[in-house]
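Taking it in order: structure first as structure tokens, then the write-up.
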Amino acid sequence: MSERLYIFDTTLRDGEQSPGASMTKDEKIRIARQLEKLGVDIIEAGFAAASPGDAEAIHAIAEVVKESTICSLARANERDIRAAGAAIAPAARGRIHTFIATSPIHMEKKLRMHPDQVVEAAVAAVKLAREYTDDVEFSAEDALRSEPAFLCRIFDAVIQAGARTINVPDTVGYAVPYLTTEFFRQLIAGTPGSDKVIWSAHCHNDLGMAVANSLAAVLGGARQVECTINGLGERAGNAALEEIVMSVRTRRDVFDLETRIDTTQIVPSSKLVSGITGYPVQPNKAVVGANAFAHESGIHQDGVLKHRETYEIMSAESVGWTQNKLTLGKLSGRNAFRSRLHELGISPESEEALNNAFARFKELADKKREIFDEDLVALFAGTDNDPAIDRFRLVSLKVVSETGEQPAAHLVIKDFDSEKPIDALGSGPVDATFKAIEAVAASGADLLLYSVNAVTSGTDSQGEVTVRLSRDGHIVNGQGADTDIIVASAKAYLSALNKLCSGTERVNPQL
Ligand code: KIV
Ligand code: ZN
């Protein structure tokens with residue numbers, strides 16, 4: 001039997017550190033449920049000490065997700081460890097992941113600590129974490145720029161203190177694959193007690209080598225990889241889960257390892273994360289890009305038609321690409337709606353939330369003959385704002401766009417309880433709409449990103465719009481979906497504004 005490779009997903013922690021990718025508690029729960037369905041072994045659900053919101057989200061995920069281990073990050077200090085311990089308390093299996101930097105540059109310039117003090121802090125953190133759970137992971141931040149001898153010393157000490165997983169992060173994406181393999185071999189050979197722990201790789205993609213380095217670490221003895229859906233993460237991102245899993249599966253001859261991942265859940269996971277964070281997937285992205293299985297050249301098409309394996313090393317179906325699936329229609333009832341949502345991993349929080357979603361579904365079914373799974377998922381785009389605290393709502397919208405005339409928008413916006421009619425001109429209908437909203441909101445926010453995606457094929461598809469706004473260093477994403485992309489745009493802009501106003505945005509915890 002092949003050995004096991006553990007998949008540790010950090011989309012909800014390192015992934016969330018991408019600018020504007022911050023998520024609400026409900027969004028995090030939705031992603032965590034999908035990760036559980038995907039078969040992820042460990043879900044790093046957040047960084048409990050970063051904010052009360054993060055701690056609450058980890059706690060809520062620990063309550064509902066039972067098949068995956070739920071983990072919180074913690075710096076090597078008492079406050080962080082206690083916050084992490086409290087957050088993972090309801091988990092069936094909970095892990096504390098504590099870290100401290102070990103490279104000379106980080107210890108001297110950032111921590112201003114002597115290496116002996118770093119070892120002491122790491123040991124104390126692991127011992128304290130063990131009071132909350134047996135499952136403690138230790139990371140040596142910036143390990144790939146650290147001295148191997150010092151790493152062996154600190155790893156020996158934390159293993160004796162009770163760490164069960166030793167993570168070796170390439171924090172700045174500096175590593176080169178063949179050296180990474182050697183580095184892992186050297187650490188495993190040089191650390192007393194190395195056979196009692198699982199060795200783990202955590203690679204960033206600054207030089208585009210995060211997946212290659214993760215796989216190189218596996219060849220050097222790592223049996224856990226830390227990764228994110230779509231490679232989301234700080235700066236250039238983390239190693240992409242889908243690429244690692246499919247490499248190990250497709251090249252079993254090289255790796256001879258098993259994962260617990262249900263690969264048919266890869267594309268649904270990718271779409272969910274992209275939809276919620278507003279980070280689109282590039283069309284030529286491996287495994288989950290729209291073109292990953294598209295054959296344009298005649299020679300390739302001919303080959304695939306004759307024998308698929310001539311040009312395909314894995315099948316589109318094996319990673320979850322399906323034809324748009326027709327699910328519900330205009331006459332479908334509430335129960336069919338509820339059970340399809342359940343199958344898609346969407347559970348409205350209350351009966352009232354279900355009723356509201358059902359009303360939106362009926363409205364959509366009036367406009368669009370065929371409703372696909374993707375439409376149902378999009379029904380929930382931008383609805384995670386709390387209506388009780390939402391300041392702005394769209395009451396109505398009319399735009400006039402005519403050749404040779406400047407586009408004009410007339411909107412009625414509810415600001416708290418008062419309805420405000422407003423007119424604006426713009427260089428296009430979306431521009432006019434945003435100007436009208438800003439004339440009411442006067443938010444002073446900068447628009448960082450505006451993107452539209454067709455949810456399904458066909459001209460009656462819903463457009464899913466993402467708007468990213470920034471104000472005073474806070475970045476938020478808003479989303480909206482509608483068959484009318486101007487309405488979707490207005491909803492997305494208002495959703496982002498409501499997040500800015502309610503302060504649900506999260507400041508990058510590691511800054
Ligand atoms: O990149 C990194 O070093 C990290 C650690 C906290 C594991 O994310
Ligand atoms: Zn990281």
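For ligands, and for the atoms within them, numbers begin at 1 and follow the listed sequence.
- Among the atoms of E226, none of the N, O or S atoms falls under 2.8 Å from the Zn ion (ligand 2).
- Considering only residues two or more places apart in sequence or on other chains, R153 meets the salt bridge (charged side-chain N to carboxylate O under 4.0 Å, His left out) condition with D116.
- Of the N or O atoms in H97, none lie within a sub-3.5 Å distance of an N or O in ligand 1.
- The ring-ring contact (aromatic ring centres under 6.0 Å, His included) search around F8 returns H97, not counting sequence neighbours.
- With a 4.0 Å heavy-atom cut-off, ligand 1 is reached by no atom of E137.
- Every N/O-N/O distance between D142 and ligand 1 stays at or above 3.5 Å.
- Among the candidates E226, E234, E44, the single residue satisfying the salt bridge (charged side-chain N to carboxylate O under 4.0 Å, His left out) test with R13 is E44.
- No cation-pi contact links R75 to F47, judged by a cut-off of 6.0 Å to the six-membered ring centre and 45° from its axis.
- In the displayed structure, R251 atom CZ is contacted under 6.0 Å by at most 12 heavy atoms of other residues, nucleotides or ligands.
- When the options V273, L35, T24, L272 are evaluated for a side-chain contact (heavy atoms from CB on, under 4.5 Å) with R30, the one that passes is L272.
- Inclusion of S139 in the set of residues having an N or O under 3.5 Å from an N or O of ligand 1 is not warranted.
- Heavy-atom proximity to D14, at under 4.0 Å, picks out these atoms of ligand 1: 8 (O).
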Inset, instruction - Run the numbers on E258 and V248 for side-chain contact (heavy atoms from CB on, under 4.5 Å), then give the verdict. - result: CA-CA 8 Å; E258 295 285 350; V248 170; over 6 Å; no
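- For ligand 1, the polar-atom distance check finds an N/O of T171 within less than 3.5 Å of one of the ligand's N/O atoms.
- At least one heavy atom of R13 sits under 4.0 Å from some atom of ligand 1.
- No more than 12 heavy-atom neighbours from other residues, nucleotides or ligands sit within 6.0 angstrom of CD1 on I105.
- At the Zn ion (ligand 2), the angle from NE2 in H202 to OD2 in D14 is 90° when rounded to 10°.
- Atoms of ligand 1 lying under 4.0 Å from any heavy atom of E141, numbered from 1 in the order shown and given with element: 3 (O).
- Using a 4.0 Å cut-off between heavy atoms, E234 makes no contact with ligand 1 at all.
- Considering backbone and side-chain N/O atoms, H204 comes within less than 3.5 Å of an N/O atom of ligand 1.
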